2 protein chains.
Amino acid sequence: MKRNTRQRQAIRDVLIRAGRPLTPHEILTASQEIIPSLGIATVYRTINSLREAGELNPVELPGETPRYEMAGKGHHHHFHCLHCDRVFDIHKCISDFEEMRPEGFILDRHAVILYGTCEECNNK
Amino acid sequence: MKRNTRQRQAIRDVLIRAGRPLTPHEILTASQEIIPSLGIATVYRTINSLREAGELNPVELPGETPRYEMAGKGHHHHFHCLHCDRVFDIHKCISDFEEMRPEGFILDRHAVILYGTCEECNNK
DNA sequence: ATCTTTGCAAAACCTTTGCACTGCG
DNA sequence: CGCAGTGCAAAGGTTTTGCAAAGAT
């Protein structure tokens, strides 16, 4: 029932090529290099459609508009560069969060966000 | 030089009395019980002013609109109960996040959010 | 009396929606 | 062809800003 339009495939390609979570606006500008007429409404509609299809996961960081990345990456966290505002995946994870759990609470899952300067900004 | 207006004090009182982080809209409705004419613009301007003054800290959780609480709590993280949706402070913190830092990146700070069941919900 | 702060309304954002047209299947 | 998907523009929702009036020092 989902049609494989040029727009839908362009957005998929952009997300796969980026390898990091992108904001709707980042998706828009990158997709417009493939299809210049592609509009922001299509970006939002395609994001929601790909999410329902399980192809796309939201990356929600505190105080930030949601970003999106292709699904199937397994457990990972994010590094937010405070200079260029880009977000990078971190695949290393320390695992003793149980120590932080308050007495009597049950821990299901955790989120970690690291903030700082990415390699590229650091070299400028 | 900040003037101590009725509006500013009302918003301070609301936040102190609540004892939990409030959204701008929650601050508005609670403040209007003290000063009915108080407007949303004043809420936002006062939030920003109190933040600059260091009296107020944002509590930003992934996918949630920002909330605000009075400052002075020191370094802490949050436990978000998935059943009652309340957020609790966690004052214990493990400290080897440097291990997760990608090569070439500089780590300034970190955020941790634990998700699960709080003691009260667990006992129900 | 001065000059910040307020309240209102408009503007600036971001995301969603309505509608006629395009184009995939 | 038929109908889901697109592009545009307009509508919602939230936060910010401009300005005359109110009010704190």
Side-chain angles (χ1 to χ4, degrees), chain A residues 1-16 18 21-70 80 84-87, chain B residues 1-16 18 21-70 85:
Chain A
M1 45 201 308
K2 294 298 176 194
R3 292 182 181 178
N4 210 22
T5 62
R6 293 182 311 133
Q7 289 83 347
R8 189 181 182 86
Q9 193 53 54
I11 289 171
R12 240 194 299 250
D13 288 347
V14 159
L15 284 160
I16 291 168
L22 300 181
T23 62
H25 186 258
E26 284 175 323
I27 295 171
L28 175 69
T29 52
S31 298
Q32 285 181 334
E33 289 179 20
I34 304 171
I35 305 172
S37 67
L38 196 150
I40 188 68
T42 296
V43 170
Y44 281 106
R45 280 187 286 228
T46 303
I47 285 170
N48 290 331
S49 164
L50 290 174
R51 280 182 71 172
E52 282 167 28
E55 286 190 55
L56 194 67
N57 284 332
V59 175
E60 292 176 332
L61 301 187
E64 296 286 309
T65 64
R67 291 169 169 82
Y68 301 90
E69 66 186 357
M70 297 308 284
H80 188 169
C84 64
D85 212 41
R86 290 184 300 177
V87 172
Chain B
M1 48 159 44
K2 296 298 175 193
R3 291 181 180 177
N4 212 21
T5 61
R6 291 182 313 132
Q7 289 84 346
R8 189 182 183 85
Q9 193 53 51
I11 289 171
R12 239 193 302 250
D13 288 347
V14 160
L15 283 160
I16 291 167
L22 301 180
T23 62
H25 186 258
E26 284 175 325
I27 295 172
L28 175 68
T29 52
S31 298
Q32 285 181 333
E33 288 178 21
I34 304 170
I35 306 172
S37 67
L38 195 149
I40 188 68
T42 297
V43 171
Y44 281 106
R45 279 187 287 228
T46 304
I47 285 171
N48 291 330
S49 164
L50 289 175
R51 280 181 71 173
E52 281 167 28
E55 286 189 57
L56 193 67
N57 284 332
V59 175
E60 294 174 331
L61 299 185
E64 305 276 315
T65 63
R67 290 151 208 271
Y68 300 89
E69 67 184 358
M70 296 309 282
D85 211 44

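Worth saying up front: this structure is predicted, and the values here are computed from it rather than measured. Values below: every heavy atom of this structure, side chains too, minus hydrogens, waters and symmetry copies.
Residue contacts shown for B/T65 are absent, as no nucleic acid heavy atom lies under 4.0 Å away.
Residue whose closest nucleotide on DNA chain D sits further toward the 5' end, between B/P24 and A/T46: A/T46.
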(request) Take nucleotides 18-25 of chain D nucleotide by nucleotide from the 5' end and write B, S or -, depending on whether a protein heavy atom sits under 4.0 Å from the base, only from the sugar-phosphate, or from neither. (result) B----BBS
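Scored by the side chain to side chain donor-acceptor pair (under 3.5 Å) test, A/E55 finds A/R12 as partners (sequence neighbours excluded).
A side-chain donor-acceptor contact under 3.5 Å links A/Q9 and A/D13.
Taking atom CD of B/E52 as the reference point, atom P of C/dT4 lies 14 Å away to the nearest angstrom. Atoms CD (B/Q9) and C1' (C/dT5) sit 15 Å apart, rounded to a whole Å. Taking atom CD1 of A/I40 as the reference point, atom C1' of C/dT16 lies 11 Å away to the nearest angstrom. When the C1' atom of C/dC14 is taken as reference, atom CD1 of A/I47 falls 12 Å away, rounded to whole Å.
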N/O donor-acceptor pairs under 3.5 Å from side chains in residues 57-68 of chain B, not counting sequence neighbours:
residue: B/E64; atom: OE1; partner: B/R67; partner atom: NH2; Å: 3.1

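Judged purely by atom type and a 3.5 angstrom limit, A/T46 uses its side chain to pair as donor or acceptor with the backbone of A/T42. Listed for the B/S49 side chain is no donor-acceptor partner under 3.5 Å among the backbone atoms of B/R45.
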